[in-house]
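Along the sequence shown, the residues carry numbers beginning at 1.
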Amino acid sequence: MKILVTGSAGFIGFHLVNMLIERGDEVVGLDQINDYYDINLKKSRLELNGINFLKISYNQIIKSSIQINYRFIKLDLEDKTSLESLFKKEKFDSVCNLAAQAGVRYSLINPESYINSNIVGFVNILECCRNFNVNKLVYASSSSVYGLNDNYPFKTSDITDTPISLYAASKKSNELMAHTYSHLFNIKTVGLRFFTVYGPWGRPDMALFLFVKAAIEEKEINVFNYGKMLRDFTYIDDIINGVIKVIDSMNDKSKSRYRIYNIGNNNPVKLMDFIESIEKKLDIVIKKNFLPIQPGDVTKTYADVSGLYNDLSYKPKTSINNGVSNFIDWYIDYYKK
């Protein structure tokens, strides 16, 4: 297939591109490469795929030097005119939209970026699919849409009308807009509610990255809600295997035109146990600063993945200890600690 992957310099997008090109799909990656977090990390991801970071210019596709079936373009989803030109030229078979302004806490201080990227940008993707005959769209939603829901585990059938961050509200909006386009324009859409993804090449603003960095530098970590948090931590390889299964299922005519799946580990872990797995790997006791819960945070996430399991035989395999160990090995190698 010829697939557009947006957010391809990001954590999940980078790993997805690797898997797609490895199995022989033709991939065009798109990313605006903003400075929400360290651009050097995005640069390294791109260069690992054979994209010369120094040659990247806005709205110009460049070919990978090592992957014959991969090309990259720096482009904002908000730039509708350039996005339309890309769709018209490339004639994609399907789109996987992972580009978004991420982060729950950042949405409290910079709400405009979430509207631009997650709302305006997503509408532009939908319009391009509609107008250029791309009827298969997979897109990133988030476990944050469950908001104040306290029915565990979270089921896709649960009502999700109580988001507690603008980020969550923007992702819920994506699901509603996708439903509209599926209904009106016969576009197959699948939304994936990701649950706390972690692993090598992860984002520096995520807990594992922050904790490991602080531990290695012998600094203190902030532990919110006094450590009384549970997260359905999901290893990146398990996430990508699930995304690939969904992409491949888009050709199955028996599948519903509009679908939402939870994609998680189905096994919430106590935050303090998560921290302990880091300490065991590094053979260190991390200094901890216990704090109240932050605005926009939820105390527990727990994914019911029965939909993805029943439809596509998705089953996560990576234990927390193995996943954390893999991340730490990568971190030490990448930063030469």
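When all heavy atoms of Lys42 and Ala9 are compared, the closest pair comes out as CG-O, 3.7 Å. Taking each heavy atom of Ser142 and Lys171 in turn, the nearest pair found is CB-CG, 4.0 Å.
Ring geometry, Tyr258 versus His179: the interplanar angle exceeds 60°, so the pair is classed perpendicular (tilted spans 30 to 60°). Using cut-offs of 30° and 60° for the angle between ring planes, the Phe233 and Tyr198 rings count as perpendicular. Ring-plane geometry between Tyr334 and Trp330 is classed as parallel, the angle between the planes falling under 30 degrees on a 0 to 90 degree scale with a further cut at 60. Below 30°, between 30° and 60°, or above 60°: for Phe87 and Phe92 the angle between ring planes is above 60°, a perpendicular geometry.
Distance check: Gln32 CD to Asp35 CG gives 9.0 Å after rounding to the nearest 0.5 Å. For the atom pair Ile12 CD1 and Leu98 CG, the distance stands at 6.5 Å (nearest 0.5 Å). The distance from the CD atom of Glu112 to the CG atom of Asn110 is 7.0 Å, given to the nearest 0.5 Å. To the nearest 0.5 Å, atoms CG (Asn262) and CG (Asp304) are separated by 6.5 Å. Atom OG of Ser182 and atom CG of Leu137 lie 8.0 Å apart (nearest 0.5 Å). Going from atom NZ of Lys172 over to atom OH of Tyr146 covers 9.0 Å, rounded to the nearest 0.5 Å.
Side chain of Asn266 to main chain of Ala303: a donor-acceptor pair is present (N/O by atom type, distance under 3.5 Å, no hydrogens or angles). For the pair Asn149 (side chain) and Asn151 (backbone), a donor-acceptor distance under 3.5 Å is present. Between the side chain of Asn69 and the main chain of Ile21, a donor-acceptor pair closer than 3.5 Å is present. For Ser173 (side chain) and Ala169 (main-chain N/O), a donor-acceptor pair under 3.5 Å exists by modelled atom type. Side-chain atoms of Ser94 do not come within 3.5 Å of backbone N or O of Ile3 as any donor-acceptor pair. Put simply, the side chain of Asn34 gets close to the backbone of Tyr36: a donor and an acceptor are under 3.5 Å apart. No donor-acceptor pair under 3.5 Å is formed between the side chain of Thr160 and the backbone N or O of Val145. Under a 3.5 Å cut-off, the side chain of Glu279 and the backbone N or O of Ile286 do form a donor-acceptor pair. Under a 3.5 Å cut-off, the side chain of Lys63 and the backbone N or O of Arg71 do not form any donor-acceptor pair. The backbone N or O of Tyr167 sits less than 3.5 Å from a side-chain atom of Ser170, completing a donor-acceptor pair.
Checked against the 6.0 Å centroid criterion, the rings of Phe209 and Phe211 do not qualify as a close aromatic pair. If you look at Trp201 and Phe11, their ring centroids are not closer than 6.0 Å.
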List, one per line, each side-chain donor-acceptor pair under 3.5 Å for residues 311-320, sequence neighbours excluded.
{"from": "Asp311", "atom 1": "OD2", "to": "Tyr261", "atom 2": "OH", "distance (Å)": "2.7"}
{"from": "Tyr314", "atom 1": "OH", "to": "Gly264", "atom 2": "O", "distance (Å)": "3.1"}
{"from": "Thr318", "atom 1": "OG1", "to": "Asp238", "atom 2": "OD2", "distance (Å)": "3.1"}
{"from": "Ser319", "atom 1": "OG", "to": "Asn322", "atom 2": "N", "distance (Å)": "3.2"}
{"from": "Ser319", "atom 1": "OG", "to": "Asn322", "atom 2": "ND2", "distance (Å)": "3.2"}

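Counting heavy atoms from C-beta outward, Phe274 and Leu208 have side chains that approach closer than 4.5 Å. Inter-residue side-chain proximity for Glu175 and Arg193 is flagged as met; some heavy-atom pair is nearer than 4.5 Å. By the 4.5 Å heavy-atom criterion applied to side chains, Tyr114 and Tyr106 are counted as neighbours.
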Tell me, with the steps shown, if Asn133 and Lys91 meet side-chain hydrogen bond (donor to acceptor under 3.5 Å, both in side chains). CA-CA 8 Å; Asn133 198 32; Lys91 297 178 173 58; over 6 Å; no

Test salt bridge (Lys or Arg N to Asp or Glu O under 4.0 Å) applied to Lys336 and Asp333, step by step: CA-CA 5 Å; Lys336 308 302 179 187; Asp333 178 69; 3.7 Å; yes

Let me see the working for Lys280 and Glu276 under salt bridge (Lys or Arg N to Asp or Glu O under 4.0 Å), right down to the final yes or no. CA-CA 6 Å; Lys280 286 181 178 179; Glu276 185 179 342; 3.5 Å; yes

Evaluate the side-chain hydrogen bond (donor to acceptor under 3.5 Å, both in side chains) criterion for residues Tyr181 and Glu127: first the C-alpha distance (whole Å), next the side-chain angles of each, then the deciding distance (0.1 Å), finally the verdict. CA-CA 9 Å; Tyr181 275 71; Glu127 277 289 282; 2.7 Å; yes

CA sep, side-chain torsions, deciding dist, call: Leu30, Leu4, side-chain contact (heavy atoms from CB on, under 4.5 Å): CA-CA 7 Å; Leu30 180 156; Leu4 172 66; 4.1 Å; yes

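Side-chain contact of Asn97 with Thr6: a donor-acceptor pair under 3.5 Å is present, judged by distance alone.
By the salt bridge (Lys or Arg N to Asp or Glu O under 4.0 Å) test, Glu47 is found to be paired with no residue, residues two or more places apart in sequence or in another chain being considered. For Lys287, there are no salt bridge (Lys or Arg N to Asp or Glu O under 4.0 Å) partners, not counting sequence neighbours. With sequence neighbours excluded, no residue forms a ring pair (Phe, Tyr, Trp, His ring centres under 6.0 Å) with His183.
Listed by first then second residue, pairs satisfying side-chain hydrogen bond (donor to acceptor under 3.5 Å, both in side chains) with a partner in residues 228-237 read Tyr235-Asn326, not counting sequence neighbours. Judged as a salt bridge (charged side-chain N to carboxylate O under 4.0 Å, His left out), the pairs with a partner in residues 246-267 (not counting sequence neighbours) are, in order, Arg23-Asp248.
The residues Lys288 and Glu220 are annotated as not salt-bridged, no charged nitrogen and carboxylate oxygen being separated by less than 4.0 angstrom. The pair Lys88-Glu84 does not meet the salt-bridge criterion, since no charged nitrogen lies less than 4.0 angstrom from a carboxylate oxygen.
Within the cation-pi definition used here (under 6.0 Å to the ring centroid, within 45° of the axis), Lys300 qualifies as a partner of Tyr152.
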